[in-house]
Structure formats: structure tokens, C-alpha cells
Amino acid sequence: MSITEQQVKTALASAVDPNTGKDFVSGRAVRNIRIDGADVAFDIELGYPAKTQIDAIRKQAIAAAKTIPGIGNISANVYSKIVAHAVQLGVKLLPGVKNIIAVASGKGGVGKSTTAVNLALALAQEGAQVGILDADIYGPSQPQMLGLAGQQPESHDGESMEPLEAYGLQAMSIGFMVDVETPMVWRGPMVAQALDQLLGQTNWHDLDYLIVDMPPGTGDIQLSLSQKVPVTGAVIVTTPQDIALIDARKGLKMFEKVNVPILGIVENMSIHICAQCGHEEHIFGSGGGERMGADYGVEFLGSLPLERAIREMADGGKPTVVGAPDSRSAEIYRAIARRVAVKIGEKAKDMSSKFPNIVVQNT
């Protein structure tokens with residue numbers, strides 16, 4: 001008896017993608033099944049970057065296919081394909097950028113910028129093309145965190161800028177253009193215009209994801225960004241502290257008002273482990289991020305410890321994901337990044353490029 005395509009699908013339906021929680025068939029990941037006698041070949045297309053996971057997923061798919069009676073050689077090609085997904089109604093996608101992820105908090109001092117840069121680096125480590133925009137005009141920190149302080153972007157045409165690069169990331173920040181000790185004494189409209197220029201006049205090169213490190217707060221600048229920038233989804237960063245959670249909730253509600261999906265909540269500084277004795281203490285309280293997620297029906301993406309090494313590596317221009325890639329904290333960042341990418345992959349695809357432009361002319 002020859003093997004049928006339905007047998008292959010039935011077998012692969014027993015294998016569950018560890019990142020999506022769905023089997024490969026219902027998750028529409030199985031592609032291009034080929035059968036040659038007893039030999040079977042197929043593709044597994046992942047809608048998220050998973051360089052560190054591909055080998056395990058391939059073995060998992062092959063193991064599932066081996067349950068087919070009489071099967072011969074099995075060839076499984078596992079790869080990632082990142083596409084553009086839908087954004088706010090009426091907002092056009094940015095040239096050279098498929099998906100924009102806003103990383104925000106209602107207040108400063110909760111580790112938002114550290115989270116943003118490590119998530120960007122984690123996505124890059126998983127095989128995606130990633131950029132980061134430092135949207136905090138008043139307090140840009142990405143140049144320091146990426147070891148790019150003192151460098152300036154180039155312009156080949158006098159109108160647009162080339163992003164700087166560090167650890168495989170494309171980066172842009174107002175901090176590349178002003179002295180580190182120069183205060184940005186600008187009113188709201190000037191800041192909004194500067195952000196428009198940083199975003200729109202940077203030659204982003206074929207990015208799967210652009211991480212926007214949002215300024216803290218929920219004022220006019222944040223609202224303008226949320227309305228004008230084609231945001232695929234937002235990640236809210238908080239600490240377990242009640243005061244931080246109050247402001248984080250405001251940030252979440254702001255995105256809801258402008259129809260930007262919340263991809264999830266990250267809790268920083270969740271627990272402190274003493275470097276001397278190993279004693280664990282919840283300095284800022286516990287469970288705040290999870291409670292917030294439950295209150296709003298938003299996924300809790302994970303929590304990170306209050307750890308000196310995270311701060312030291314960010315200050316030293318080599319964030320945790322690249323500074324200590326084998327550490328527990330780096331693995332948490334990678335797990336959060338994969339989950340964010342999966343959440344985006346499950347969103348509706350952007351179909352604007354499929355429709356022709358309609359031009360009305362007088363004849």
C-alpha cells in the first residue's frame with residue numbers, strides 16, 4: 001500500500017509546535033508534501049524566527065512522520081518566513097519594515113529600554129532582520145546600550161540617513177546627533193517632528209521587525225506616535241510595584257484607544273537574589289504583572305530578575321543577550337521574544353500590497 005498525503009497530515013497533526021501550542025497541521029505550517037513510493041518529504045513553515053529551535057522542531061516532525069506504517073526515508077525542511085501583518089486602520093506601512101513593535105511603559109525607571117534592546121537582540125539571534133528606534137528624544141539611551149555612543153549616521157543623498165549597526169541590529173536615535181550632555185529643551189510639536197524624521201527618513205533595510213523604544217508616559221508625544229506610526233503590536237513593561245502598575249495600566253489603555261493590539265506584559269525586577277548568600281526577596285512586591293494581565297485579558301510574557309549583571313552589561317554597551325548569551329536572563333529574553341513573534345504571526349496579514357492604487361483623473 002502506498003502512503004497517502006492524508007496519512008502524512010494525520011501523523012504531523014500529532015506533533016505540537018512548542019512555541020505556538022498548536023499542532024503543525026491546524027497551525028497551517030505544513031507545506032508541499034511530496035511522496036515518492038515509501039519516501040516522504042515536506043516543509044514546515046514557521047511564521048516567526050526560530051533559529052535556535054529549528055533543529056528540535058525538525059526532529060519532532062520526523063519522529064511524528066515515522067509513526068506511519070511502512071514509511072521509508074523522511075525529509076523535513078523547517079524554515080521561518082516573516083511577513084507583514086495588519087496595523088491600525090488608515091496607517092500605511094513603513095518602507096523597508098514589515099512589522100513594528102512598540103515597547104512602552106507608563107513611567108520611567110522600570111527597565112523599558114533595557115527590555116527593548118534585549119528583545120531586539122533576541123529576535124536577531126533567532127534569525128530575523130531587526131532594527132531599533134530610540135524614540136525617547138529627551139533621554140536617549142540606546143547609543144550607550146549598543147556601544148554606539150559618539151557615532152553619527154551617514155547620508156548618501158543629503159535627505160535620508162543610514163542606520164548605524166551593532167550586533168546585527170540596525171539602530172537610529174536622536175542620541176547619535178546631539179552631544180550626550182546637551183538637554184533637548186523642545187516643546188511637543190518639535191519632538192513629534194523629530195520622531196517623524198527619525199522614523200521616516202531612515203533607510204531601514206528589509207526589516208522583519210522594528211522595535212520602537214517608546215518614551216515613558218502617556219502624553220501627546222506617545223499618543224501621536226501611536227496614531228501615526230504603523231504599529232503591529234505593543235509590549236508593556238512594568239515592575240511588580242503598585243505605583244508602576246498604575247502607570248502601566250494607563251499605557252495599556254492608551255494603545256487600546258488607538259486600536260493597537262497589546263502583545264503582552266513583561267515584568268522587570270520581579271525578584272532579587274543576593275549575590276552573597278542566595279537569599280531571594282521580592283523587593284518591589286510580587287505577581288503584579290500577572291494580575292494586570294489577568295485583569296485586562298492580556299498575556300503575561302515573562303518576568304526578569306533584579307540583577308546587577310543586566311544593568312552592568314547594558315551600561316557597558318553589551319546587553320545581556322549578547323553579553324551573556326548562555327545566562328538564564330538571556331534565555332528569558334529569547335523566550336519572550338519568540339512569544340512576541342508568535343503573537344504577531346497569528347495576527348491577520350497586511351494585504352494592502354495586493355490591492356491596486358486607484359487614481360482618478362480628469363479627461
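- Salt-bridge check for E126 with K51: failed, with every basic side-chain N at 4.0 Å or more from each acidic carboxylate O.
- At a cut-off of 3.5 Å, with distance as the only test, a side-chain donor of S141 or S113 sits close to an acceptor on the other residue.
- A donor-acceptor pair is defined here as one N or O able to donate and one able to accept, closer than 3.5 Å; such a pair exists between the side chain of N99 and the backbone of D208.
- With hydrogens and angles disregarded, a donor-acceptor distance shorter than 3.5 Å links the side chain of K98 to the backbone of I82.
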- Test E256 against K253 for salt bridge (Lys or Arg N to Asp or Glu O under 4.0 Å), laying out the working first. CA-CA 5 Å; E256 286 185 344; K253 296 299 289 185; 3.1 Å; yes

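- A side-chain donor-acceptor contact under 3.5 Å links N19 and Y48.
- Evaluation of the salt bridge (Lys or Arg N to Asp or Glu O under 4.0 Å) rule for K347 yields no partner, not counting sequence neighbours.
- For the residue pair R34 and F42, the shortest heavy atom distance occurs at NH1-CA, 3.7 Å.
- For T52 and Q125, the side-chain atoms include no donor-acceptor pair closer than 3.5 Å.
- Side-chain atoms of D55 never come within 3.5 Å of backbone atoms of R58 as a donor-acceptor pair (strictly under, hydrogens ignored).
- Between the side chain of Q170 and the main chain of H205, a donor-acceptor pair closer than 3.5 Å is present.
- There is a side-chain donor-acceptor pair under 3.5 Å between N203 and S160.
- Applying the 6.0 Å contact sphere to CZ of R31 captures more than 12 heavy atoms from other residues, nucleotides or ligands.
- The pair E331-R334 meets the salt-bridge criterion, with a side-chain N (NZ, NE, NH1 or NH2) lying under 4.0 Å from an Asp/Glu carboxylate O.
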